[in-house]
Number of protein chains: 2
Amino acid sequence: MAEDTGPGADGPTQPICAGAVRASLTRTVRTPLDRRRVLTAAIGYIDEHGLDALTMRRLGAHLGVEGMALYRHVTGREDLLDGVVELVIDALYGDPDVYLTPEYGWQDYLQRLAHGVRRMAIAHPEVFPLVATRPPAAPWVRPPLRSLRWLDSFLDALTSHGFSDEAAVAAYRAYTSFLLGHLLLEVSQRGVPISPLDDADADASPPADGRSLAEFPHVRRLAHLLAEDESATEFEESLENLLERLARMLRESERPGSPV
Amino acid sequence: MAEDTGPGADGPTQPICAGAVRASLTRTVRTPLDRRRVLTAAIGYIDEHGLDALTMRRLGAHLGVEGMALYRHVTGREDLLDGVVELVIDALYGDPDVYLTPEYGWQDYLQRLAHGVRRMAIAHPEVFPLVATRPPAAPWVRPPLRSLRWLDSFLDALTSHGFSDEAAVAAYRAYTSFLLGHLLLEVSQRGVPISPLDDADADASPPADGRSLAEFPHVRRLAHLLAEDESATEFEESLENLLERLARMLRESERPGSPV
DNA sequence: ACCTGAACACCGTTCAAGT
DNA sequence: ACCTGAACACCGTTCAAGT
């Protein structure tokens with residue numbers, strides 16, 4: 001609440017400035033909202049305060065407006081969240097480090113895209129669970145690449161480099177599963193308290209499932225390994241593994257009759 | 001259900017002897033709630049009506065009680081959801097098809113466990129997103145195997161079959177990522193309307209991102225492939241691939257100096 | 001010991017009214 | 001055209017009071 005009154009409270013609503021001086025040179029009157037501004041503000045608000053804190057009324061206040069005014073630009077809270085997810089995904093499409101015509105091969109394309117999605121997830125860790133779990137518009141548009149645009153681009157990149165239709169679709173499924181699993185775990189790991197038991201003396205504070213750590217000898221013994229954050233290398237290695245698997249799929253779909 | 005008092009969630013506080021055995025022959029009066037009954041009812045309610053419909057007041061009514069009465073058994077809605085997640089995960093531990101001592105090898109252990117988690121996800125598709133996204137108690141207890149118990153069991157199975165400590169931890173990370181990505185996508189696919197465009201005549205109804213399907217030629221062309229549900233075989237193949245990858249890790253950790 | 005009733009602060013959403 | 005104010009039904013949560 002403390003910082004909340006800051007941005008919007010210094011009052012465009014106040015009649016204090018003596019209506020007589022309503023000269024048009026004071027364009028302080030706040031440019032009208034539009035959907036994009038509402039969605040952008042929502043993303044910022046979620047990044048800063050967390051998803052649970054996002055409320056129509058609070059987002060309104062954050063924008064210097066009554067919460068009810070938002071209903072002019074989104075049909076409701078659900079639509080607001082859908083819009084947030086869509087915006088965050090489409091922003092990726094405009095990223096020049098991510099989207100170029102796949103002239104350097106499909107592996108380059110998949111690498112760039114994977115890293116772009118990862119950057120997005122890390123930049124908006126509170127938004128990513130939304131990207132992961134909002135019900136998709138259709139069962140074949142899979143998070144986190146939840147748009148027909150990305151799906152089409154993906155299929156284009158792969159089929160134009162020799163993948164059969166079936167292989168391209170299978171690749172899309174494997175690729176989305178990989179991204180979703182890794183990135184959801186990575187963002188959920190951040191924002192978790194650094195945990196007790198970075199060192200050995202931590203059998204106090206029963207970890208909320210009622211049993212002491214002493215009952216789990218392997219966990220205790222490997223605490224130092226478990227506490228390390230290997231997200232980045234883990235991501236690279238799994239991605240590498242996936243690309244190799246896809247390369248095998250490609251070879252098999254090119255030479256369907258080959259032995260073994 | 002079998003090992004009811006095991007985890008001790010409500011055990012030690014409640015000496016069952018209850019000194020005064022008061023004459024209660026009319027037990028028609030609704031046996032008093034306890035935490036487990038509340039959580040079980042919550043799971044059922046979510047399965048039936050969806051997560052958003054779960055409300056303290058409505059769950060209370062479902063149990064024949066005012067919503068406020070639930071606060072005697074859970075500290076609040078957050079605690080209720082945590083309890084739901086914990087219960088659903090621990091139920092797995094009692095499943096004889098899942099948990100046996102890993103005497104048939106680590107691959108058997110991982111296979112059984114993976115299929116057990118998948119059955120759970122499919123049985124409770126509305127609960128699984130909660131399992132996936134609730135903030136874990138510690139950063140090294142990763143969804144969907146979100147308990148020290150499972151983590152310890154996992155590490156035990158692998159290290160007792162030749163995995164080095166480092167390899168076992170890396171395996172835990174790869175395995176949880178795999179399960180989370182696949183199963184979250186699988187449950188999110190269910191409950192999505194069967195989508196327009198099962199056949200070719202579907203450029204009506206712009207798919208909510210404002211553009212017609214006609215703009216996405218690959219999607220349109222491959223609609224019949226995309227519409228297929230390959231979850232099961234996809235799961236098996238990815239699991240197989242993961243196990244092979246782990247087997248390579250095992251061989252490398254056994255012979256650390258071997259060439260290539 | 002366990003549950004109820006009333007109360008409080010806050011939601012999402014609608015809609016007539018303001019400017 | 002865009003926003004406000006008041007209103008409605010429903011939340012989560014607290015707590016004194018009932019039984």
Side-chain angles (χ1 to χ4, degrees), chain A residues 1 4-5 8-9 11-24 26-39 41-42 45-46 49-84, chain B residues 10 13-24 26-39 41-42 45-46 49-84:
Chain A
M1 155 178 291
D4 218 51
T5 48
T13 57
Q14 268 144 17
I16 282 194
C17 68
V21 215
R22 79 277 180 241
S24 62
T26 61
R27 280 294 72 177
T28 63
V29 272
R30 180 176 69 235
T31 117
L33 254 36
D34 59 13
R35 181 172 230 262
R36 186 174 201 94
R37 282 221 310 147
V38 171
L39 297 181
Y45 197 92
I46 295 171
H49 305 285
L51 178 58
D52 288 346
L54 182 73
T55 267
M56 299 301 279
R57 292 166 136 114
R58 293 210 271 240
L59 180 58
H62 188 68
L63 283 161
V65 114
E66 298 296 317
M68 302 75 193
L70 301 178
Y71 288 86
R72 194 149 288 272
H73 306 103
V74 295
T75 68
R77 189 172 196 264
E78 292 299 291
D79 184 45
L80 174 67
L81 297 181
D82 283 339
V84 161
Chain B
D10 39 277
T13 58
Q14 186 93 297
I16 205 115
C17 53
V21 187
R22 66 179 60 89
S24 56
T26 59
R27 281 295 72 174
T28 62
V29 271
R30 181 175 68 238
T31 118
L33 254 35
D34 60 12
R35 182 171 230 261
R36 187 174 199 94
R37 282 221 312 147
V38 170
L39 298 180
Y45 197 92
I46 296 172
H49 302 104
L51 178 58
D52 288 347
L54 182 73
T55 267
M56 298 302 280
R57 292 166 135 113
R58 292 209 273 241
L59 180 58
H62 188 69
L63 284 160
V65 116
E66 298 295 315
M68 302 73 193
L70 301 178
Y71 288 85
R72 194 148 286 272
H73 306 104
V74 294
T75 68
R77 189 173 196 263
E78 292 299 292
D79 183 45
L80 174 68
L81 297 182
D82 283 339
V84 161

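Below, chain A is the first sequence line, B the second, and so on; all start at residue 1.
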Trainee: Do any N or O atoms from the side chain of B/R35 and from the backbone of B/G83 form a donor-acceptor pair under 3.5 angstrom?
Mentor: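 Answer holds: no.
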Trainee: By the 4.0 Å heavy-atom rule, please label A/G76 as base, sugar-phosphate, or nothing.
Mentor: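 If one applies the 4.0 Å heavy-atom cut-off, A/G76 turns out to touch the sugar-phosphate alone, with no base involved.
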Trainee: Should B/R77 be listed as having a side-chain N or O under 4.0 Å from OP1 or OP2 of D/dG12?
Mentor: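 For D/dG12, OP1 or OP2 has a side-chain N or O of B/R77 closer than 4.0 Å.
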Trainee: Would you mind telling me which residue lines up with the more 5' stretch of DNA chain C, B/M68 or A/T75, judged by nearest nucleotide?
Mentor: B/M68
Trainee: Take atom CG of A/L54 and atom P of C/dC10, then tell me their distance rounded to the nearest Å.
Mentor: 17 Å
Trainee: Is there side-chain contact between A/H62 and A/L54, with heavy atoms separated by less than 4.5 Å?
Mentor: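 With C-beta onward as the side chain, the pair stays apart.
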Trainee: Taking side-chain contact (heavy atoms from CB on, under 4.5 Å) as the test, write out the residues that go with A/A53, two or more places apart.
Mentor: A/Y45, A/H49, A/R58
Trainee: Without decimals, in angstroms, what is the distance between A/R72 CZ and C/dT19 C1'?
Mentor: 13 Å
Trainee: Which residue pairs satisfy the side chain to side chain donor-acceptor pair (under 3.5 Å) criterion with at least one member in residues 64-77 of chain A, sequence neighbours excluded?
Mentor: none
Trainee: What integer distance in Å separates A/L33:CG from D/dT4:C1'?
Mentor: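 For the pair A/L33 CG and D/dT4 C1', the rounded distance is 14 Å.
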Trainee: Ignoring backbone atoms, test whether B/T55 places a side-chain nitrogen or oxygen under 4.0 Å from the OP1 or OP2 oxygen of D/dG12.
Mentor: yes
Trainee: Does A/M56 reach a base, just sugar-phosphate, or nothing at all? Heavy atoms under 4.0 Å.
Mentor: sugar-phosphate
Trainee: Look up atom CG in B/L39 and atom CG in B/D79, then write down how far apart they are to the nearest 0.5 Å.
Mentor: 8.0 Å
Trainee: With the side chain of A/R58 defined as its heavy atoms from C-beta on, choose the nearest nucleotide among C/dC11, D/dC3, D/dG12.
Mentor: C/dC11
Trainee: Please give, in whole Å, the distance from C/dG12 P to A/D79 CG?
Mentor: 14 Å
Trainee: Out of curiosity, B/L70 CG to B/R57 CZ, how far, rounded to the nearest 0.5 Å?
Mentor: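 CZ of B/R57 is found 11.0 Å from CG of B/L70.
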Trainee: Which nucleotide, D/dC3, C/dC3, C/dG12, lies nearest any side-chain atom of B/P32?
Mentor: C/dC3
Trainee: Just the rounded figure in Å: distance from C1' of D/dT4 to CZ of A/R57.
Mentor: 12 Å
Trainee: B/R37 CZ to C/dC2 P: how many Å, rounded?
Mentor: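 After rounding, the gap between these two atoms is 13 Å.
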Trainee: Please report the distance, rounded to the nearest Å, between CZ in A/R35 and P in D/dC2.
Mentor: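 It is 15 Å, rounded to the nearest whole Å.
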Trainee: How would DNA chain C look in dot-bracket form, 5' to 3', counting Watson-Crick and G-U wobble pairs with both distances under 3.5 Å and writing | for bases paired to another strand?
Mentor: ||.|||||...|||||.||
Trainee: Picking from C/dT14, D/dC3, C/dC3, which would you name as closest to the side chain of A/A69?
Mentor: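 The nucleotide sitting nearest to the side chain is D/dC3.
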Trainee: With side chains defined as the heavy atoms from C-beta onward, is the minimum distance between B/L81 and B/L51 less than 4.5 Å?
Mentor: yes
Trainee: Nearest whole angstrom, please: distance from the P of D/dC11 to the CG of B/L80.
Mentor: 14 Å
